[in-house]
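Note sheet for the following structure.
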Amino acid sequence: QVHLVESGGGLVQPGGSLRLSCAASGSIFRMIAMGWYRQAPGQERELVATMTITGGGRNYAEAVKGRFTIFVNKAENTVTLQMNSLKPEDTAVYYCHAVGYRSQLPSSRVDFWGEGTLVSVSS
């Protein structure tokens, strides 16, 4: 019902900046949150940042606080992750994530994932 497509990944030097974007298409009863996860080589996928659709509350992983900023644009159905002061340890595949309800029933909650975009931080 919802398809997520990421863009903006690439190679950047330490201390540089990068902006990731994710566009959502399709339909759903109600979207409740969108965010970003990442998975580094040989490691498990971890939460980077999330933002609730209603209220606009943001949540960041400790490792990225003060450096990354997440923003959800309701009108365009997109979520953006601005990454500043990038470090080599930020290197990972970044995945767009969305969660919502297919109907009014709480049991209709569903998660959606993008294919991922690679971010490489190296000199």
Side-chain angles (χ1 to χ4, degrees):
Q1 291 182 299
V2 175
H3 182 61
L4 305 176
V5 179
E6 304 101 332
S7 63
L11 176 63
V12 65
Q13 297 184 14
S17 299
L18 206 61
R19 180 176 180 271
L20 303 182
S21 296
C22 174
S25 61
S27 63
I28 194 170
F29 178 72
R30 182 167 67 244
M31 190 73 74
I32 59 176
M34 298 186 73
W36 293 89
Y37 288 71
R38 68 185 182 186
Q39 186 169 20
Q43 300 184 9
E44 297 183 349
R45 188 174 300 184
E46 64 177 358
L47 185 148
V48 178
T50 60
M51 184 174 179
T52 58
I53 304 303
T54 57
R58 295 177 171 88
N59 186 41
Y60 297 94
E62 287 295 327
V64 307
K65 285 185 177 179
R67 299 188 298 119
F68 292 10
T69 302
I70 187 172
F71 178 75
V72 174
N73 188 318
K74 296 181 181 180
E76 298 183 356
N77 296 315
T78 60
V79 57
T80 299
L81 184 68
Q82 178 65 46
M83 304 183 293
N84 298 325
S85 301
L86 285 163
K87 305 174 181 179
E89 48 264 45
D90 292 319
T91 297
V93 175
Y94 285 71
Y95 297 90
C96 180
H97 173 256
V99 58
Y101 294 103
R102 292 178 176 174
S103 70
Q104 300 180 42
L105 301 176
S107 60
S108 70
R109 181 181 181 276
V110 63
D111 294 275
F112 303 95
W113 294 92
E115 295 294 327
T117 183
L118 178 63
V119 173
S120 297
V121 184
S122 176
S123 59

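Numbering starts at 1 and runs along the sequence shown.
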Self-check item: Any P14 side-chain heavy atom under 4.5 Å of P88 side chain
Solution: yes

Practice problem: Assess whether atom CD of Q104 is packed by more than 12 heavy atoms of other residues, nucleotides or ligands within 6.0 Å. | Solution: no

Quiz item: So how far is it from N73 CG to C22 SG, rounded to the nearest 0.5 Å?
Solution: 12.5 Å

Quiz item: What's the spacing between I53 CD1 and K74 NZ if we round to 0.5 Å?
Solution: 6.5 Å

Quiz item: Where do T78 and S21 land on the side-chain contact (heavy atoms from CB on, under 4.5 Å) test, with the steps shown first?
Solution: CA-CA 7 Å; T78 60; S21 296; 5.9 Å; no

Quiz prompt | Transitive ILVMFWY side-chain link V12 to M83, under 4.5 Å | solution = yes

Exercise. Determine the minimum heavy-atom distance between E6 and E115, stating which atoms define it.
Key: OE1-N, 3.2 Å

Quiz item: T50 and R58: side-chain contact (heavy atoms from CB on, under 4.5 Å), yes or no, with the steps?
Solution: CA-CA 6 Å; T50 60; R58 295 177 171 88; over 6 Å; no

Self-check item: For A24 against V2, the heavy-atom pair lying closest together
Solution: CB-CG1, 4.3 Å

Self-check item: Aromatic ring proximity, centroids under 6.0 angstrom, F68 and W36
Solution: no

Quiz prompt | Exercise: do N84 and S17 side chains pair donor with acceptor under 3.5 Å | solution = yes

Quiz item: How are the rings of Y37 and H97 set to each other: parallel, tilted or perpendicular (split at 30° and 60°)?
Solution: perpendicular

Quiz item: From C96 SG over to M34 CE, what is the distance, rounded to the nearest 0.5 angstrom?
Solution: 4.5 Å

Quiz item: Should F112 and I32 be regarded as members of a common hydrophobic cluster, given that ILVMFWY residues are connected when their side-chain heavy atoms come within less than 4.5 Å of each other, either directly or indirectly?
Solution: no

Exercise. Find out whether the Lys NZ or Arg CZ of R38 is both under 6.0 angstrom from the six-membered ring centre of Y95 and within 45° of the ring's axis.
Key: no

Quiz item: Out of curiosity, does V93 fall in the hydrophobic cluster containing L47 (side-chain heavy atoms, cut-off under 4.5 Å, transitive links)?
Solution: yes

Exercise. Could you tell me which non-hydrogen atom of V72 sits nearest to which non-hydrogen atom of V79, and how far apart they are?
Key: CG2-CG2, 3.9 Å

Exercise. Flag the pair L20 / V119 as yes when at least one side-chain heavy-atom distance between them is below 4.5 Å, and no otherwise.
Key: yes

Quiz item: Atom CG of N59 and atom CE of M51: how far apart are they, to the nearest 0.5 Å?
Solution: 12.0 Å

Quiz item: Out of curiosity, R67 CZ to L86 CG, how far, rounded to the nearest 0.5 Å?
Solution: 6.5 Å

Quiz item: Name the one of I70, V64, T69 that satisfies side chain to side chain contact (heavy atoms under 4.5 Å, CB included) with L81?
Solution: I70

Practice problem: Go through V121 and L18 one step at a time and tell me if the side-chain contact (heavy atoms from CB on, under 4.5 Å) criterion holds. | Solution: CA-CA 10 Å; V121 184; L18 206 61; over 6 Å; no

Exercise. Nearest 0.5 Å please: distance from the OH atom of Y101 over to the CZ atom of R109.
Key: 6.5 Å

Self-check item: Minimum heavy-atom distance T91-P41, with the two atoms named
Solution: O-CD, 4.2 Å

Quiz item: Is a side-chain donor or acceptor of T52 paired with a backbone partner of G57 at a separation under 3.5 angstrom?
Solution: yes

Exercise. Go through S7 and T117 one step at a time and tell me if the side-chain contact (heavy atoms from CB on, under 4.5 Å) criterion holds.
Key: CA-CA 6 Å; S7 63; T117 183; over 6 Å; no

